Amino acid sequence: MTITTRFAPSPTGALHLGHAFSAIQSHDRARDAGGRFLLRIEDIDGTRSRPEHVQGIVDDLRWLGLAWHGDPLFQSTRLDAYQAALDSLQGQGLLYRCFCTRAEIAQSLSAPHGAAPVYPGTCRRLNLGERDGTPFAWRIDMAKAVALVGPLGWQDEIAGPQRADPSRHGDVVLARKDAPASYHLAVVVDDAFQQVSHVVRGADLSEATHVHVLLQRLLGLPTPVYRHHALLTDADGTRLAKRNGAPTLGSLRDRGMDGKMLADDLRAGRLPIGFALPNA
Ligand code: GLU
């Protein structure tokens with residue numbers, strides 16, 4: 001089997017060192033196995049995606065010395081495929097329309113007796129049809145879906161065999177009011193389309209995998225092997241994020257840093273001063 005991995009950034013901001021680390025892990029997993037490394041631009045969030053960030057991602061990866069196979073896949077070109085997946089789930093009677101606003105959901109979550117931080121299922125119980133033009137999201141009836149497929153799991157190259165528990169996410173959104181597909185749906189459809197055999201991504205996304213393996217089963221798609229790697233942090237153990245002031249790769253490049261040397265340092269676990277890799 002040809003090992004295929006991918007790096008799938010959302011062009012909603014500039015990449016930082018944590019992204020570089022993740023892209024290198026994914027790239028090297030394929031390279032070391034003589035496989036293929038793909039680039040996918042997750043740009044279905046029309047309100048937050050920016051073309052300048054797409055260019056930045058391409059420039060940053062090249063600077064790090066990472067080459068990908070073929071052209072990048074843009075999720076914005078894949079809307080028909082997401083619709084087909086939604087149609088399939090709808091045909092299985094697993095979706096319902098949700099008209100709730102964020103504020104309404106937030107209010108119901110702060111209700112006494114601490115409801116779990118999942119959607120409380122208000123619109124599932126109402127089972128509403130279309131309401132003249134009012135925007136709605138499609139949610140999955142999680143209990144019904146889980147009952148349909150039975151026990152699920154996945155193989156994680158780092159954490160070992162995992163049992164999936166998608167129920168803890170509740171009735172997740174699969175198509176948003178403002179976007180034709182949610183992250184969960186688009187990722188699952190595209191990993192299969194691109195024949196990704198090994199999903200290499202940060203441990204922060206392992207929670208999402210519980211939902212992804214369920215969707216794969218419902219849509220008749222293969223479940224890849226997963227490799228959820230440790231996250232790079234700053235010296236205090238805080239996860240790198242733009243909001244925490246993590247330096248962007250563009251700023252390191254502008255300071256004259258050599259990207260290929262940086263990539264080799266990250267590979268060797270030599271982190272720039274002020275960064276850490278806990279539990280690696
Ligand atoms: N687009 C997602 C992000 O930038 C990552 C998707 C994935 O690796 O599954 O966080």
Side-chain angles (χ1 to χ4, degrees), residues 3-30 36-58 60-61 64 66 68 72-78 81-82 85 154 156-159 162 164 166 169 172-174 176 179-216 219 221-233 239-244 246 248-249:
I3 293 219
T4 302
T5 66
R6 50 48 167 201
F7 180 54
S10 308
T12 53
L15 300 188
H16 54 62
L17 216 50
H19 293 112
F21 183 69
S22 196
I24 291 165
Q25 304 270 321
S26 184
H27 169 271
D28 289 6
R29 179 69 186 84
R36 300 185 311 156
F37 170 65
L38 308 178
L39 176 60
R40 183 167 75 227
I41 304 293
E42 303 214 320
D43 61 345
I44 40 175
D45 186 339
T47 55
R48 294 173 62 227
S49 296
R50 297 269 178 279
E52 61 269 27
H53 293 313
V54 175
Q55 190 55 49
I57 289 166
V58 165
D60 289 342
L61 295 178
L64 290 165
L66 304 181
W68 53 93
L73 179 69
F74 286 81
Q75 288 196 321
S76 53
T77 65
R78 300 270 305 140
Y82 308 144
W154 75 88
D156 191 298
E157 285 192 329
I158 294 174
Q162 303 292 307
H169 292 278
V172 291
V173 168
L174 294 188
R176 290 168 28 182
S182 70
Y183 158 68
H184 294 308
L185 186 76
V187 158
V188 160
V189 169
D190 286 343
D191 281 338
F193 175 69
Q194 294 188 286
Q195 299 183 312
V196 172
S197 64
H198 289 63
V199 172
V200 181
R201 60 186 177 190
D204 55 331
L205 287 170
S206 68
E207 267 302 315
T209 309
H210 292 268
V211 175
H212 297 177
V213 295
L214 171 75
L215 294 176
Q216 286 151 3
L219 293 167
L221 304 174
T223 291
V225 173
Y226 286 85
R227 185 178 183 85
H228 293 108
H229 61 75
L231 296 179
L232 205 60
T233 69
R239 188 181 144 198
L240 296 190
K242 217 170 64 175
R243 62 179 176 281
N244 302 335
T248 65
L249 298 181

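Only a predicted model underlies this, so the values are computations on that prediction, with no experimental measurement involved. Remember, it's 1-based here, ligands and their atoms both numbered in the order they're listed.
The nearest non-hydrogen atom to atom 9 (O) of ligand 1, considering only H184, Q75, R201, H19, comes from R201. Residue nearest to atom 6 (C) of ligand 1, selected from E42, R40, H212: E42 (by heavy-atom distance).
Contacts of L205 with ligand 1, taken as heavy-atom pairs under 4.0 Å, involve the side chain alone.
What sits closest to atom 3 (C) of ligand 1 on the protein, heavy atoms only, is S10 OG, 3.7 Å. Nearest protein neighbour of atom 5 (C) of ligand 1, counting heavy atoms only, is A8 O, 3.4 Å.
Remark: ligand 1 atoms within the under-4.0 Å shell around heavy atoms of R6 are 7 (C), 8 (O), 9 (O).
Residues T223 and Q216 bring a donor and an acceptor atom of their side chains to less than 3.5 Å of each other. Between the side chains of Y82 and D190, at least one donor N or O sits under 3.5 Å from an acceptor N or O. A donor-acceptor contact closer than 3.5 angstrom links the side chains of H229 and S22.
For R40, the side chain to side chain donor-acceptor pair (under 3.5 Å) partners at least two apart in sequence or on another chain are E42, D191, Q194. When the salt bridge (charged side-chain N to carboxylate O under 4.0 Å, His left out) test is applied to E157, the partners found at least two apart in sequence or on another chain are R29, R227.
Between W68 and H27, the ring centre distance reaches or exceeds 6.0 Å.
Every heavy atom of F7 sits 4.0 Å or more from the atoms of ligand 1.
Considering backbone and side-chain N/O of P9, none are found under 3.5 Å from N/O of ligand 1.
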